[in-house]
2 protein chains.
Amino acid sequence: MAPNIVEFPLSQKRSASAMVESPCDDCAIREASVCSVLKQDELIRLRGISTIGHLESGGTVFHEGDPAEHLSNVIEGSVKLYKLLPDGRRQVTGFLFPGDFLGVALNETYAYSAEAMSKLRICRFPRRRLEGLLNELPKLEHRLLEVAGNEIVAAQDQMLLLGRKTARERVASFLLILRRHAEQRRQQLNPVDLPMSRADIGDYLGLTTETVSRTFTQLRKDGIIGLPAQGKVDIRRRDALENIAEGA
Amino acid sequence: MAPNIVEFPLSQKRSASAMVESPCDDCAIREASVCSVLKQDELIRLRGISTIGHLESGGTVFHEGDPAEHLSNVIEGSVKLYKLLPDGRRQVTGFLFPGDFLGVALNETYAYSAEAMSKLRICRFPRRRLEGLLNELPKLEHRLLEVAGNEIVAAQDQMLLLGRKTARERVASFLLILRRHAEQRRQQLNPVDLPMSRADIGDYLGLTTETVSRTFTQLRKDGIIGLPAQGKVDIRRRDALENIAEGA
DNA sequence: GGCCGTCCTTGACGTAGATCAAGATGCTGC
DNA sequence: GCAGCATCTTGATCTACGTCAAGGACGGCC
């Protein structure tokens, strides 16, 4: 059984001055995250309110409905976000990877649950203190608005997918999203990494595990993708995927 | 045939000083819109870059893919936002009403089309100039981040609806959304106004016109709603709707 | 290196909602 | 008041995907 309780041993003290070395200096995702817009002195201020959190795979970062106390940057590992209906039906609303920001929608409570899909390391900011800092770091606020805008655009694409695309179109779209993300992160493109289960993919695409599986094999038989190993997809004919994804 | 070309006779000159009376003073939606966070002198600066646009019902404000030149506040009338697949399948991603902000997702091109559902009046801001102003009006930027956050939360609810809810649950959720909006706008609650066609509702909920219609009649026969007239829905048993919407 | 649990795949069948096809209703303009 | 067109409703049928049910394959652990 996966641990359901958040455990965050702090690897860093609250007071910035108590730290010998800045954890930001060798932060692998500094340039890929919202932090990239800050200058050294601004970064120090942000660092002043940050703590590092660790979580095992399967652990829950927070639950839908919990008071929203922290926003975070994903440093290492990946996260799935989801909403549940009372009877257990689940909709995955997104997957996060290193450099992604968790919690742009600053509300009093979390609107979704967040669960680690692998060993996870995040950089956490108390919401109220970050909100205060935003007044003094307009560049950060500007960047967050940009991030929020991107998230809205992605959400609208997802609505089109969920409301109007067929299973085959959904899976094709999903593979292309993954590929695009891998590209942005300068990860290997072929085969592309697929760190989530068929069930997670299904809950993201509004399909069942079985339909996802069937659609993968169908695409494989059509020579469009290869399935070399668990958690890997080889994109053989990207053009074909693009066509399918757009319903052409 | 509805006009497909945007026509924006300016009712106001570019130069703010040229205006005798401030159009903001008697703006009906000032307190309900993003402008509410601004003080008088700040409002004057924002007004300096704004123009008023008019559009007939059915007119297109902009098309998906057009260069994003303006953001707007809806002053009067209502708007539907939608995305199309090449073969004509349509997903309505949202409906806007007076006081709503059009275009938080500040990108180079519009990610969706916007069409007037009734005679429309909007207050438009050139994107680049607004972006420039944001540096000087941090309160406005803060407010936009808030608006964007709300939009993300709503989008995630919609993903749950589109990915996992049944037709009956979708329609019930939709009616409750409408009711909530009417409440916020202090409009009449019973019967609630339904300014969009069955086809628009279907494209918003990922259903066909026929299924929407059938579901409405089913809810009526169950005594949960009444359909007193075209474009009106009487919510008879709100609790029942809430239960259905949550899948209980 | 073999055992066990989880995840994935495949098959047979069922069903919610789509599609196709008429009507009914209601608004618009004369 | 009525012709004409939109929109909405209702019915009959079809189908993509879900559900239920077995296997099969991987990978983690001793």
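For clarity, every value in this text was computed on a predicted model and none was experimentally measured.
Looking at heavy atoms from C-beta onward, A:Y204 lies out of side-chain contact with A:R170 at the 4.5 angstrom threshold. For the pair A:E242 and A:L176, the minimum side-chain heavy-atom distance is below 4.5 Å. Using a 4.5 Å cut-off on side-chain heavy atoms (C-beta onward), A:E64 and A:S113 make contact.
The separation between A:F216 atom CZ and C:dC7 atom P is 16 Å, rounded to whole Å. Following rounding to the nearest Å, A:R220 (CZ) and C:dT9 (P) show an atom-to-atom distance of 8 Å. Taking atom CZ of A:R164 as the reference point, atom P of D:dA16 lies 16 Å away to the nearest angstrom. Atoms CG (A:L227) and P (D:dC26) sit 12 Å apart, rounded to a whole Å. Atom CE in B:M196 sits roughly 11 Å away from atom P in D:dC8 (whole-Å rounding). B:Q218 places its CD atom 10 Å from the P atom of C:dG17, with the value rounded to the nearest Å. Remark: P of D:dA16 and CG of A:L205 are 19 Å apart, rounded to the nearest angstrom. In this entry the distance linking CZ of B:R168 with P of C:dT15 reads 18 Å, nearest Å.
Candidate nucleotides C:dT9, D:dT19, C:dG17 were compared by shortest atom distance to the side chain of B:A167, and C:dG17 ranks first. Minimum atom distance to the side chain of A:S197 is reached by C:dC8, of the listed C:dC8, D:dC8, D:dT9. Taking only side-chain atoms of B:S213, from C-beta outward, the nucleotide of C:dT9, D:dT9, D:dC17 with the closest atom is D:dT9. In the set C:dC8, D:dT19, D:dA12, D:dA12 carries the atom at the smallest distance from any side-chain atom of B:R214.
Contact of B:Q230 with C:dC27 (side chain to base): no donor-acceptor pair of N or O atoms is detected under 3.5 Å. One cannot find a donor-acceptor pair under 3.5 Å joining the base of C:dT25 and the side-chain atoms of B:R198.
Under the Watson-Crick or G-U wobble criterion, with both distances below 3.5 Å, C:dT10 is paired with D:dA21. Applying the Watson-Crick and G-U wobble criteria (two distances, each under 3.5 Å), D:dA6 pairs with nothing in any strand.
For D:dA6, the base is syn relative to its sugar; the glycosidic angle is within 90° of 0.
Along DNA chain D, the nucleotide nearest to A:K165 and the one nearest to B:E210 differ in position, and the one closer to the 5' end is contacted by B:E210.
By the 6.0 Å and 45° rule, A:R185 does not stack over the aromatic ring of A:F97.
The side chain of A:T166 contributes no N or O atom lying less than 4.0 Å from OP1 or OP2 of D:dA16. Regarding contacts with the backbone of D:dG18, a side-chain N or O of A:T211 is found under 4.0 angstrom from either OP1 or OP2.
The minimum heavy-atom distance between A:N190 and A:I235, with the atom names listed, is OD1-N, 2.7 Å. Of all non-hydrogen atoms in B:R168 and B:I224, the two that sit nearest each other are NH2-CD1, 3.9 Å.
Among the atoms of the strands shown, none is found under 4.0 Å from any heavy atom of A:G231.
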